[in-house]
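Since the model is a prediction, treat every value here as computed from it, not as a measurement.
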Amino acid sequence: MNPCPCGSGKEYDVCCGPLHAGSKTADSAEALMRSRFSAYAKGEISYLTDSLHPEHRDDHDPVATKRWAENSDWIKLEVVSVDEQGDDGKVEFIATYREKGIIQSHHESGEFKCLDGRWYYVDGKLVPPSTQQNETPKVGRNDPCPCGSGKKYKKCCGR
């Protein structure tokens, strides 16, 4: 079995493979997003270029794209949300990959457009990480240390 890297649960040859081979086109913004992730995983750089909206190919660097694809181990794609309305689509996703031994996440909200019946990737914006707030009150310097040592915080974990 050759599972598709996009995480659909289908075999590559019936999922993203036909899109990469050009025998089929993506029928939605989400399908195109999944096929682009699989293209990174499979090294299908020409597909990544071809699936870019024609008006947004000027600043595309296929050499850098190839380098990133080849030097990364593409682990998982998580589709967070999909919003398709007519010929416009937005897909928020998290692509997890390993580069130089470090696992990283690329969280993006991607824009897609359908032009003459074919979906294209237009642009994407990174989704900033959410702000984390502590649920517990701040420990004062002279309060007992929350670790349970019985010492004041400033003499224990607060150093």
Side-chain angles (χ1 to χ4, degrees), residues 1-139 146:
M1 181 166 168
N2 185 12
C4 192
C6 80
S8 66
K10 299 176 186 174
E11 296 238 0
Y12 174 72
D13 294 339
V14 296
C15 190
C16 294
L19 279 73
H20 296 167
S23 60
K24 184 180 166 189
T25 59
D27 58 3
S28 67
E30 180 180 358
L32 182 63
M33 178 58 246
R34 289 183 175 280
S35 69
R36 286 179 57 83
F37 177 85
S38 292
Y40 276 102
K42 294 284 190 177
E44 295 286 345
I45 308 309
S46 61
Y47 179 80
L48 292 167
T49 302
D50 293 343
S51 62
L52 281 174
H53 193 281
E55 294 175 6
H56 296 269
R57 292 182 184 168
D58 293 342
D59 62 348
H60 175 64
D61 185 350
V63 174
T65 302
K66 180 178 181 182
R67 187 176 334 120
W68 188 33
E70 289 177 346
N71 292 325
S72 300
D73 178 23
W74 298 89
I75 300 169
K76 166 177 92 164
L77 174 66
E78 176 188 348
V79 175
V80 177
S81 66
V82 177
D83 180 20
E84 288 182 25
Q85 296 183 7
D87 291 341
D88 296 317
K90 284 192 181 211
V91 180
E92 183 180 340
F93 64 93
I94 301 170
T96 305
Y97 61 98
R98 182 180 298 111
E99 186 176 30
K100 297 180 182 173
I102 300 169
I103 294 178
Q104 303 194 45
S105 294
H106 178 84
H107 191 174
E108 179 181 310
S109 179
E111 273 188 63
F112 299 82
K113 284 215 179 283
C114 189
L115 180 66
D116 298 326
R118 183 172 174 192
W119 282 97
Y120 291 96
Y121 174 73
V122 176
D123 196 6
K125 295 190 177 24
L126 291 177
V127 176
S130 60
T131 302
Q132 299 288 327
Q133 290 188 354
N134 290 334
E135 297 293 322
T136 57
K138 186 175 176 181
V139 179

When rounded to the nearest 0.5 Å, the distance separating NZ of Lys76 from OG1 of Thr96 is 5.0 Å

Write down the atom of Glu84, the atom of Ala29, and the distance for their closest heavy-atom approach. OE2-N, 2.9 Å

Given 3.5 Å as the limit, does a donor-acceptor pair link the side chain of Arg57 with the main chain of Leu52, or not? yes

How many angstroms lie between CD1 in Ile102 and OH in Tyr97, if you round to the nearest 0.5 Å? 10.0 Å

Within this structure, what is the NZ-OG distance for the pair Lys125 and Ser109, rounded to the nearest 0.5 Å? 8.0 Å

Parallel, tilted or perpendicular: which one describes the rings of Trp74 and Tyr40, with boundaries at 30° and 60°? tilted

Under the side-chain contact (heavy atoms from CB on, under 4.5 Å) rule, what do His106 and Phe93 come out as? Steps first, then yes or no, please. CA-CA 8 Å; His106 178 84; Phe93 64 93; 4.0 Å; yes

For Ser38 and Ser35, indicate whether the former's side chain and the latter's backbone hold a donor-acceptor pair under 3.5 Å. no

Specify the closest pair of heavy atoms between Ile45 and Pro62, including all atoms of both residues, with the distance to one decimal. CG2-O, 3.8 Å

Could you state the interatomic distance from CG (Asp123) to NE2 (His56), rounded to the nearest 0.5 Å? 7.0 Å

Taking side chain as C-beta onward, heavy atoms only, is Cys6 less than 4.5 Å from Cys15? yes

Angle between ring planes, His20 versus Tyr12, binned at 30° and 60°: parallel, tilted or perpendicular? tilted

Show, in sequence, the C-alpha distance, side-chain angles and deciding distance for Asp50 and Glu44, and conclude whether the side-chain contact (heavy atoms from CB on, under 4.5 Å) test is met. CA-CA 10 Å; Asp50 293 343; Glu44 295 286 345; over 6 Å; no

Closest non-hydrogen atoms of Tyr47 and Ala39, given as atom of the first, atom of the second and distance, are CD2-CB, 3.8 Å

Rounded distance [0.5 Å steps], CD1 in Ile94 versus CZ in Phe37: 12.0 Å

Does some side-chain heavy atom of Thr49 sit less than 4.5 Å from a side-chain heavy atom of His60? yes

Lys113 vs Asp88, side-chain contact (heavy atoms from CB on, under 4.5 Å): CA-CA, chis, key distance, verdict: CA-CA 5 Å; Lys113 284 215 179 283; Asp88 296 317; 2.5 Å; yes

Can you see which heavy atom on Val139 is nearest to which on Pro146, and at what distance? CG2-CG, 3.9 Å

Check: Leu77 and Arg36 side chains under 4.5 Å, non-hydrogen atoms: no

For atom CZ of Arg98, is the number of surrounding heavy atoms from other residues, nucleotides or ligands below 6.0 Å larger than 12? no

Taking the side chain from Ser72 and the backbone from Glu99, do they hold a donor-acceptor pair closer than 3.5 Å? no

Taking all heavy atoms of Arg34 and all of Gly7, pick out the closest pair and write down the distance. NH1-C, 4.0 Å

Would you compute the distance between atom CZ of Phe112 and atom NE2 of His53 and round it to the nearest 0.5 angstrom? 12.0 Å

Check whether any side-chain heavy atom of Lys24 sits under 4.5 Å from a side-chain heavy atom of Leu19, and report yes or no. yes

